[in-house]
Amino acid sequence: MNYDSLSETILQDLKEEIAIINNPEIDPETRRYNLEIVLREVGEQAYEVVYQMNAWDMDIDYLNGKTINDAYYGLAKNISDSISVGGKSNIDAQIEEWLSNQILKAQYDAFWNAKEYGKFPTVTRTARANCCDWCREVVGTFVDPSGDVFRRHDRCKCEIRTSGWRTNNGLYSGERKAWKFQG
């Protein structure tokens, strides 16, 4: 399943929440601290949902994932500083890429946990129209991929699908209701 497509369901809510917090009348430290909180909470929720969906599919639902990385600190600073420094036009793209990376990290963690426990998951990378040469070189379906298959560059829209035992045996179609922002 292309789990990145699920981010669209919470992205608008996240952007609205950030717009409320990123008020120039709020003290910059308070603004940044609250942005860190909302980004961490949303990132952890997205990671957990995607990890658990992958874990169930890969028959490792007894394992927990790691967690999101701490990139939300830098993103919160960029968003908060955009009020005084400028650059607000690039903020939406940064938020989208950050959320996409948290989802991808959950897929990556579940994939490698499954491999470590003797499962045989696959990862399929599909290039989108107008993709770059680097992306075209890591396109394919893999059972033992290099780490590059899970990497993305800025504004990369390649589709990265992970699948496990249940998908490969027709027990899991990958269809699941999208989650709603719990903020």
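The first residue of the sequence shown is numbered 1, and numbering continues consecutively from there.
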- Task: List in chain and number order the residues that pass side chain to side chain contact (heavy atoms under 4.5 Å, CB included) with I20, two or more places apart in sequence or in another chain; answer none if no residue qualifies.
- Result: none
- Query: Which ILVMFWY residues are connected to V143, directly or by a chain of links, through side-chain heavy atoms under 4.5 Å apart?
  - Reply: none
- Task: Kindly give the cluster partners of W134, where membership spreads through any ILVMFWY side chain lying under 4.5 Å from a current member.
- Result: V138
- Message: I'd like to check the side chain to side chain donor-acceptor pair (under 3.5 Å) partners of K77; sequence neighbours left out, ordered by chain and number.
- Response: D81
- Item | With sequence neighbours excluded, residues passing side chain to side chain contact (heavy atoms under 4.5 Å, CB included) with S100 | D4, R152
Throw together a table of side-chain donor-acceptor distances under 3.5 angstrom for residues 101-109, partners on residues two or more places apart or in other chains.
residue: N101; atom: ND2; partner: E97; partner atom: O; Å: 3.2
residue: Q102; atom: NE2; partner: W98; partner atom: O; Å: 3.3
residue: K105; atom: NZ; partner: T67; partner atom: O; Å: 2.8
residue: K105; atom: NZ; partner: D109; partner atom: OD2; Å: 2.9
residue: Q107; atom: NE2; partner: I160; partner atom: O; Å: 3.0
residue: Q107; atom: NE2; partner: T162; partner atom: OG1; Å: 3.3
residue: D109; atom: OD2; partner: Y47; partner atom: OH; Å: 2.5

- List in chain and number order the residues that pass salt bridge (charged side-chain N to carboxylate O under 4.0 Å, His left out) with E48, two or more places apart in sequence or in another chain; answer none if no residue qualifies. none
- Message: Using the side chain to side chain contact (heavy atoms under 4.5 Å, CB included) criterion, which residues pair with F120? Sequence neighbours excluded.
- Response: none
- Item | Residues which pass salt bridge (charged side-chain N to carboxylate O under 4.0 Å, His left out) with R125, listed by chain and number, not counting sequence neighbours | none
- Looking at residues at least two apart in the chain, or sitting in another chain, which of them share a side chain to side chain contact (heavy atoms under 4.5 Å, CB included) with R40? I37, E44, I68, Y72
- Message: Could you work out, with salt bridge (charged side-chain N to carboxylate O under 4.0 Å, His left out) as the rule, every residue matching R31, not counting sequence neighbours?
- Response: none
- Item | Listed partners of E16 passing salt bridge (charged side-chain N to carboxylate O under 4.0 Å, His left out), at least two apart | none
